[in-house]
Amino acid sequence: MSLRPTLETRRAIPTLEGAGVKLHRAFGFQDPSELDPFLLFDDFRNERPQDFEKGFPWHPHRGIETITYVLEGTVEHADSLGNTGTLGAGDVQWMTAGRGILHQEMPQGNARGQMHGFQLWGNLPSDQKMTAPRYQDVTAKDIPEVIDDDGTKVRVITGEFWGKTGPVDGIAADPQYLDISIPAGVKKTFRIDTYRRAFAYVFQGAGAFADASAPTGVLLEKEVAGEEVNIRDLSGDRTLIRFGTGDEVTVQAGPEGIRFLLISGAPIEEPVAWHGPIVMNTRAELEQAFAELRNGTFIKPAH
Ligand code: FE2
């Protein structure tokens, strides 16, 4: 067993997206090889309706998958295939854009005006970029939840974990997408196969992710900041932790516990040509997509 080093710890950055949605971007539009097969991760938790209700009106996607996980509030969606629906708290939508889709995603807050959720973009390999578009809508009750003796709770959205298999399947990047809650003070180790690229995104509480150079998992106070510490992440809200190579990750929950997403997948390792919501392998493919958008042949009609 070898511990994965924490290559980088960083806070998500306030970003304006869609028609004026205030969100936090943990990564995206940077070096796409860093977290290959994942391209982008947005945290659209928001407490004020005016900051999210303009939503993400009609826009195209090609060559990728977008994965939406809702924690609070709902997201109403509609697309060029004629699908419409509402994602509620705890639900997941795994959308394979493939050769092309036009859709809109409109967040609606809960009764207290809050909207909490995440969107991840996964890349598709060249031989699947032009595959038929597909949705996998998963309701909260179909997502297996495993609870360990120490109170650690894991929702398994994709992949296998502690004997449970998540409901989303057939994804090229072989992703494992886990929502993990660890009670105060508990130290926990998670196995992640070596071939995977992995990151964690902390969105509640705090904890310390052990680095390979200090696998003891000492919990440090947040205010130690500024000192050289060998456990890189003191975490807190909206923190991305990018892991290096190894086969396990260790985290010790802070005094309020910690909740984070632990996401990993098999790197695709192909050239990336990316503009806005379209991600292809070559510039020519990208230009082709935008030419089709201009001349109205981007999508096949639904009927
Ligand atoms: Fe979208």
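Each ligand, and each atom within it, is numbered from 1 in the order the structure gives.
- The Fe ion (ligand 1) has His59 NE2, His61 NE2, His103 NE2, Glu105 OE1 as protein N, O or S atoms under 2.8 Å away.
- In this structure a side-chain-to-backbone donor-acceptor pair under 3.5 Å is present from Asp36 to Glu269.
- Counting heavy atoms from C-beta on, the side chains of Leu262 and Ile192 come closer than 4.5 Å.
- Annotation for Val202 and Phe260: closest pair CA-CB, 3.7 Å, computed over non-hydrogen atoms.
- Qualifying salt bridge (charged side-chain N to carboxylate O under 4.0 Å, His left out) partners for Arg259, counting only residues two or more places apart in sequence or in other chains: Asp179.
- The neighbour count for Glu256 CD, taken as heavy atoms of other residues, nucleotides or ligands under 6.0 Å away, does not exceed 12.
- For Arg191, the CZ atom is densely surrounded, since the number of other residues' heavy atoms within 6.0 Å is greater than 12.
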